[in-house]
Amino acid sequence: MRMQQLIGDRFKERPSDCVIDSHALMVRGGYMKYVGSGIFSLYNPLRRITRKIEGIIREEMDNIDGQEVLFPVVMPASLWEESGRFASVGAELMRMKDRNGSPMVLGMTHEEASVQLVREYGNSHTKYPFMIYQIQTKFRDEARPRGGLIRVREFTMKDAYSFHTSQADLEAYYQRCYDAYTRIFQRAGLRNVAIVASDSGMMGGKISHEYMLLTPVGEDTIVICPECGYHSNMEAAPSLVETPSSGNPAPLTPVHTPGQKTIEDVCAFLHASKERSVKAVVYHLLSTDETVVVFLRGDLDVNETKLTNFLGGEIRPEAIDENVSLVAGYIGPVGLQPKNCRVLYDRSLQGADNLVCGANKAEYHNTGLSMPRDVPNAEYHDFAKIAEGGVCPQCGKRAITLSRGIEIGNIFQLGTKYTEAMGMQYQDAEGNLQYPIMGCYGIGVGRLAASVCEESHDEYGPIWPMSIAPWQVQICCLRADQEGVKEAAEALYEALGSQRVEVILDDRPVSAGVMFSDADLLGVPIRLIVSPRNLKEHVVELVTRDKSVKTTVAMEEVVETVRKMIAERLG
RNA sequence: CGGGGUGUAGCGCAGUUCGGUAGCGCACGUGCUUUGGGAGCAUGGGGUCGCAGGUUCGAAUCCUGUCACCCCGACCA
């Protein structure tokens, strides 16, 4: 490739709407162009990067016996009705109608399609286990795209689906995939990746992990215990009952009242319910004179029936105090007297000026009620979220640290949710019909590219690892107008190319400053500088984008030196 | 969905208070000079000022409505 012909402008100014560096650099460097909210086109350099990432993923997926397939982007809604997700998934699922008026959807994930593909094939236990994967465009109508390629609506994703005849087999395969993912991110050049337990959300299933790039610009919060190595997404970390903010730091001791649920029961229920809307919660008895009271921050409509049934009580928003009603509602045994309760709130409600459990401030004031912070004797607790310095759910030590992270991959043990819903069965060795157990595994390709950029860049541009760099070598030919210079650069370009080195040649008649700045933005790992000055000495300057090497190499040794360096960096 | 903000050339912005021929820098075309970290001079091309109404002799500017986008939340395989 010649820089002269490379499509895409590079420029100095940071676009005003770029918040994170990877976004700004990828726009400034001619990697991609904004098309619409959360929608981008990729120029050649970025496409070359994503192709390399896809190559690494393919190798590792094939290596764990995956078979690449391709599912449709546009699917009949009936397929999603089979699993129940046509109704259960929200507006992120893009719905439309074809010319005949039939409802269709744009693929945002492909569990349904994968089951549909192998439903008949997988009719015998002798066919198992197997894994299918694809690398393909997904569309999710995200409420708020952000951060360039970090959170977009249309994106390329590798999604894989495995099918098993036993939980043990799924778990064994899950481990292989876990290891393969670790290798993928390592090969892509990421250094600070944490593997955390996660909340499986709408996917269903039980065990799941997320691969997180630790970075301050990440949108997820990760809970880490340095004491025992516990890692978890904040979303999934159990929130232990903690001490009142203003009071005695001693932990509250739950007391079980006969016929009532304990605090542990309630916690267990809420965590097991996997309802996303359950964010906060829980108060319990300090003595048998008091009664279990639960305050939810979140959408009570979704959970109140279940939780009320569980507690054997009823929801009585007005039961305690009129101030409470709009905050969350009150759940407790029938006939509870307000005086007997202590009023506890999730700390995240404190000072919530704009939003209190779905009721905005204006609405709240229209009721004539005071804000929750005015409730007499209210105590604020960190129920909803585990906090910095909090208690580790695993080892119990008060050592929790919080980090930010970008989710670059996730793996789930799905179970039989989809195979049951869609009627996929096989005959086992005894001739009995069984539902296969599934796992699913995803990696966002573009997000991964952006993550590498985010982790590996300086003020001048990205510093691509050799494994995914758009080109391996960039030749900067200074003063191509002078005698013999252009010819020397061309010869080098040909020589490297004939050795299958990926090389881009810049012999434009621009100033050195422009040429070097553009090279910095392109982030190619090895830079060769051909110039009149160097030619006099019969050498070429070799500098690496990461600044680890800066040397001169005799003309006839350049190709060999470069090949060695590439081989080293590719491992 | 709640809060805040922005829409003027490919990018970054001024002009809007107080209505009067559409501006600047970068980028782009042409010519000459220059050439090791974003060169200089000259000259040119490119914008129905987000959109729609309204007020006015006259609207980027004032009024009404509307759309889009960005940021913080909520939400999110």
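Below, all heavy atoms of this structure are taken into account, side chains as well, without hydrogens, waters or symmetry copies.
- Side-chain contact, A:Thr137 with A:Thr156: no donor N or O sits under 3.5 Å from an acceptor N or O.
- Summarising the base pairing, B:A39 is matched to B:U33 through a Watson-Crick or G-U wobble pair whose two defining distances lie under 3.5 Å.
- One P atom belongs to B:U6, the other to B:C62, and the distance between them is 13 Å to the nearest Å.
- Positionally, the nearest nucleotide of RNA chain B for A:Arg153 lies more toward the 5' end than for the other of A:Arg144 and A:Arg153.
- Residues satisfying the salt bridge (charged side-chain N to carboxylate O under 4.0 Å, His left out) test with A:Arg146, not counting sequence neighbours, are A:Glu219.
- Across the strands present, B:C69 finds its partner in B:G5; the criterion is a Watson-Crick or G-U wobble pair with both atom distances under 3.5 angstrom.
- Residue A:Val19 is in sugar-phosphate contact alone, with no base atom involved, counting any heavy-atom pair closer than 4.0 Å across all strands shown.
- Taking the P atoms as reference points, B:G46 lies 31 Å from B:G54, given to the whole Å.
- Remark: A:Arg14 engages A:Asp21 in a salt bridge (charged side-chain N to carboxylate O under 4.0 Å, His left out) (not counting sequence neighbours).
- Across the C1' atoms, B:A59 and B:C49 are found 11 Å apart, a figure rounded to whole Å.
- Here A:Phe139 lies out of heavy-atom contact (under 4.0 Å) with every strand.
- In this structure, A:Ser37 reaches the sugar-phosphate backbone alone: every heavy-atom distance under 4.0 Å involves primed, P, OP1 or OP2 atoms, never a base.
- At a threshold of 4.0 angstrom between heavy atoms, the contacts of A:Tyr441 with the nucleic acid are absent.
- Shown here are the side chain to side chain donor-acceptor pair (under 3.5 Å) partners of A:Gln482, two or more places apart in sequence or in another chain: there are none.
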Please enumerate all protein N or O atoms sitting under 3.5 Å from an N or O of nucleotides 39-44 of chain B, with distances to 0.1 Å.
from, atom 1, to, atom 2, distance (Å)
B:A39, OP2, A:Ser511, OG, 3.2

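- In terms of the side chain to side chain contact (heavy atoms under 4.5 Å, CB included) criterion, residue partners of A:Ala489 (sequence neighbours excluded) are, by chain and number, A:Ile475, A:Cys477, A:Leu505, A:Val530.
- In this view, A:Ser37 and A:Tyr34, A:Pro145, A:Arg153 satisfy the side chain to side chain contact (heavy atoms under 4.5 Å, CB included) rule, not counting sequence neighbours.
- For A:Glu112, the salt bridge (charged side-chain N to carboxylate O under 4.0 Å, His left out) test picks out A:Arg85, with sequence neighbours left out.
- Of the candidates B:G37, B:C69, B:C71, B:G37 carries the atom nearest the A:Phe516 side chain, counting heavy atoms from C-beta on.
- Relative to the side chain of A:Asp481, the nucleotides B:U35, B:C75, B:G38 differ in distance, and B:U35 lies closest.
- At a non-hydrogen distance threshold of 4.0 Å, nothing from residues 542-555 of chain A comes into contact with RNA chain B.
- Taking the P atoms as reference points, B:G15 lies 15 Å from B:G50, given to the whole Å.
- With sequence neighbours left out, A:Gln167 forms a side chain to side chain contact (heavy atoms under 4.5 Å, CB included) with A:Leu170, A:Glu171, A:Gln413, A:Ile437.
- Screening residues 66-75 of chain A for salt bridge (Lys or Arg N to Asp or Glu O under 4.0 Å) gives A:Arg58-A:Glu68 as the qualifying pairs, with residues at least two apart or on separate chains.
- Between A:Arg479 and A:Ile443, the residue anchored closer to the 5' end of RNA chain B is A:Arg479, taking for each the nucleotide with the nearest heavy atom.
- The cationic group of A:Arg95 lies under 6.0 Å from the six-membered ring centre of A:Phe86 and within 45° of the ring axis, placing it in a cation-pi geometry.
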Look for any protein N or O under 3.5 Å of an N or O in nucleotides 11-16 of chain B and output each such pair with its distance, or none.
from, atom 1, to, atom 2, distance (Å)
B:G12, OP1, A:Ser16, N, 3.2
B:G12, OP1, A:Ser16, OG, 3.4
B:C13, OP2, A:Ser16, OG, 3.3

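- Using N1 to N3 plus N6-O4 or O6-N4 for Watson-Crick, or N1-O2 and O6-N3 for G-U wobble, each under 3.5 Å, B:U61 pairs with nothing.
- The side chain of A:Leu521 has B:G38 as its nearest neighbour among B:G37, B:G73, B:G38.
- Applying the Watson-Crick and G-U wobble criteria (two distances, each under 3.5 Å), B:C75 pairs with nothing in any strand.
- Using atom P as the reference point in both B:U56 and B:C51, the two lie 23 Å apart (nearest Å).
- Taking atom C1' on both nucleotides, B:C28 is separated from B:G37 by 23 Å, rounded to a whole Å.
- Nucleic acid contact for A:Arg447: none, since no nucleic acid atom lies under 4.0 Å from a heavy atom of the residue.
- Partners of A:Asn410 according to the side chain to side chain donor-acceptor pair (under 3.5 Å) rule, which considers only residues two or more places apart in sequence or in another chain, are A:Glu407.
- Looking at heavy-atom distances under 4.0 Å, A:Glu541 makes contact with a base.
- Straight-line distance between the P atoms of B:C70 and B:U64: roughly 26 Å, to the nearest whole Å.
- Relative orientation of the A:His164 and A:Tyr173 rings is tilted, given thresholds of 30° and 60° on the angle between their planes.
- Neither side chain, A:Ser517 nor A:Tyr460, offers a donor N or O lying under 3.5 Å from an acceptor on the other.
- Look at the P atom in both B:G23 and B:U48: the space between them is 15 Å, to the nearest Å.
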